[in-house]
There are 2 protein chains.
Amino acid sequence: MPGPDIAAQLDAAERLCTKNGTQLTTLRRVVLDLVLRSTAPLTAYQLLDQLKSTRKSAVPPTIYRALDFLIENHLVHRIERLNAFIPCDADHEHADAQFLICHQCGTVTELEDHGVSDALAAAAAARGFTPSRAMVELDGLCATCAPPDTAPPPAHR
Amino acid sequence: MPGPDIAAQLDAAERLCTKNGTQLTTLRRVVLDLVLRSTAPLTAYQLLDQLKSTRKSAVPPTIYRALDFLIENHLVHRIERLNAFIPCDADHEHADAQFLICHQCGTVTELEDHGVSDALAAAAAARGFTPSRAMVELDGLCATCAPPDTAPPPAHR
DNA sequence: ATGCGTATGATATAATATAGAAAGCGTCAT
DNA sequence: ATGACGCTTTCTATATTATATCATACGCAT
């Protein structure tokens, strides 16, 4: 399952950038496309290798600049633990996200859990700390990879 | 203020390792000492440079191995966002920690906030995810660096 | 003394990321 | 139309962070 229509996601990204007054250039669009097509997180150099096949001039700054742009525009997330990148899942207006990293199958799930973000906001506020960006990443085993009786799948919903 | 007695912290570390059946060798002790003396987080190569002055044979694996040991023994934390290391604050039995990184003054504060860890555990459980390690790091401004009316200091306590 | 586990030494290289200068290319005010 | 500006891309070089691999040393139990 190649996921929900990459072309549509690219078009949505285009609209978002227009709205933000930024440009989703061809280069950036190609990089976003590569990120969207992958099931697993990709590193900058994996992306670079792929990019090189269509754009011979590509070098590390090429990909890092494109990724910086995509991250600023909330189209891509950087997973610090992996030094790797995944598409942003969501239509959401980006409060905060949390990531569940399965070290068995390598997939990363994006959450936007208000219980977590509220707890973080409260913990920060209690210390007079003004957060500007949160990084929340859990290593572990996803529902599919975990031994069944260790972690029963979530109640059906 | 050089902080609470580094020698005592080293001795406590020694006892902890003995209890764990691991050895706080001279090399590891020296590296821990370097980490303890710094107010700011130090990168592996900053530590390496300092270590070289007393141990000419030191090379990258030297420092990375020492750090791995110290981290496994809960004596040091790695701050992913900074690729840098700080001493573990605590006597605590290491449930989970969270870190507040001030990008003005560079200090990192370690928390052990149960509101946060409970919220994370709940969020993970709800998706059938079994966490093995949590990374929670907030970038922002500490109470000292934040403009006063943006973030009033915590209620006196 | 031998063998085993753990720690350290030594060399090389891999992987990740940024700096900085210059050229291309629209666009838009004059 | 042109030239000044802003943004993007190119190009070259280098900085920073991290690991692989094999060899050597040391303590200690058999």
Side-chain angles (χ1 to χ4, degrees), chain A residues 13-14 17-18 20-32 34-35 40-73 75-86 103 106 135 137, chain B residues 13-14 17-35 40-73 75-86 103 106 135 137:
Chain A
E14 192 91 51
C17 289
T18 301
N20 291 350
T22 59
Q23 307 174 50
L24 188 63
T25 61
T26 303
L27 172 60
R28 292 163 176 172
R29 193 176 170 111
V30 169
V31 173
L32 178 56
L34 291 173
V35 175
L42 294 172
T43 69
Y45 280 76
Q46 288 171 332
L47 286 164
L48 179 57
D49 284 345
Q50 294 187 36
L51 183 60
K52 274 178 177 163
S53 64
T54 58
R55 185 171 286 236
K56 291 185 304 183
S57 67
V59 287
T62 312
I63 199 78
Y64 280 104
R65 280 192 298 237
L67 287 168
D68 285 347
F69 173 89
L70 295 170
I71 290 167
E72 278 169 13
N73 285 270
L75 296 167
V76 163
H77 292 290
R78 176 188 173 95
I79 306 299
E80 300 284 342
R81 259 318 273 283
L82 306 175
N83 295 329
F85 302 85
I86 62 173
H103 53 245
M135 188 209 81
E137 300 176 8
Chain B
E14 192 91 52
C17 288
T18 302
K19 197 183 89 185
N20 291 350
T22 59
Q23 306 173 52
L24 188 64
T25 61
T26 303
L27 172 61
R28 291 162 177 173
R29 193 177 170 110
V30 169
V31 173
L32 177 56
D33 182 274
L34 291 173
V35 175
L42 294 174
T43 69
Y45 279 75
Q46 288 171 332
L47 287 164
L48 178 57
D49 283 346
Q50 294 188 36
L51 182 60
K52 274 178 175 163
S53 65
T54 59
R55 185 171 287 237
K56 291 185 303 184
S57 66
V59 288
T62 312
I63 199 79
Y64 279 105
R65 282 190 297 228
L67 288 168
D68 285 348
F69 173 88
L70 295 171
I71 290 167
E72 278 169 13
N73 286 270
L75 296 167
V76 163
H77 293 290
R78 178 188 172 94
I79 306 299
E80 300 285 341
R81 272 303 285 278
L82 305 176
N83 295 329
F85 303 85
I86 62 174
H103 54 243
M135 279 144 303
E137 301 175 10

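In what follows, chains are A, B, ... by sequence order, proteins preceding strands, each numbered from 1. Side chains are part of it too, since the values below use all heavy atoms of this structure and drop only hydrogens, waters and symmetry mates.
- For A:I63 and C:dT18, the CD1 to C1' distance is 15 Å, given to the nearest whole Å.
- A distance of 5.5 Å separates CG in B:L70 from CG in B:L32, rounded to the nearest 0.5 Å.
- B:T62 has no side-chain polar atom (N or O) that falls below the 4.0 Å cut-off from OP1 or OP2 of C:dT8.
- Taking the side chain of A:P60 as heavy atoms from C-beta on, and the options D:dT17, C:dT18, C:dT8, the nearest nucleotide is C:dT18.
- If you take CG of A:L42 and P of C:dA15, they are 15 Å apart, rounded to a whole angstrom.
- Regarding B:D49, its CG atom lies at a distance of 10 Å from the P atom of D:dT16, rounded to whole Å.
- Listed by residue number, the members of residues 78-86 of chain B with any heavy atom below 4.0 angstrom from DNA chain D are B:R78, B:N83.
- B:L67 places its CG atom 12 Å from the C1' atom of D:dT17, with the value rounded to the nearest Å.
- Whole-Å rounding puts the A:N20 CG to D:dC7 C1' distance at 16 Å.
- Distance check: A:T25 OG1 to A:E14 CD gives 9.5 Å after rounding to the nearest 0.5 Å.
- For the atom pair CG of B:L48 and OG1 of B:T43, the computed distance is 9.0 Å after rounding to the nearest 0.5 Å.
- Nearest-nucleotide assignment on DNA chain C puts the 5′-proximal partner with B:R55, out of B:R55 and A:A44.
- Between the side chain of A:E137 and the main chain of A:R81, a donor-acceptor pair closer than 3.5 Å is present.
- By the 5.5 angstrom centroid cut-off and the 30-degree plane limit, B:Y45 is classified as stacked against the base of D:dT17.
- Distance, A:Y64 OH to D:dA15 P: 17 Å, rounded to whole Å.
- How far NE2 of A:H103 is from CG of A:L82: 12.0 Å, rounded to the nearest 0.5 Å.
- Using a 4.0 Å cut-off on heavy atoms, the residues of residues 21-33 of chain B that approach DNA chain C are B:Q23, B:T25, B:L27, B:R28, listed by number.
- The distance from atom CZ of B:R65 to atom CG of B:L27, rounded to the nearest 0.5 Å, is 9.0 Å.
- For the pair B:D68 CG and C:dT6 P, the computed distance is 16 Å after rounding to whole Å.
- Considering only side-chain atoms of B:V59, the nucleotide from C:dT8, C:dT11, C:dT18 that sits closest is C:dT11.
- Relative to the side chain of A:P61, the nucleotides D:dT21, D:dT17, C:dT18 differ in distance, and C:dT18 lies closest.
- A:R78 pairs in a side-chain contact (heavy atoms from CB on, under 4.5 Å) with only one of the listed residues (A:I86, A:N83, A:L67), which is A:N83.
- Put simply, CG on A:L75 and CZ on A:F69 are 7.0 Å apart, with the number rounded to the nearest 0.5 Å.
- Atom-to-atom, CZ of B:F69 to P of C:dA7 comes out at 7 Å; the value is rounded to the nearest Å.
- Annotation: side chain of B:T22 is not in contact with side chain of B:R28 (no heavy-atom distance under 4.5 Å).
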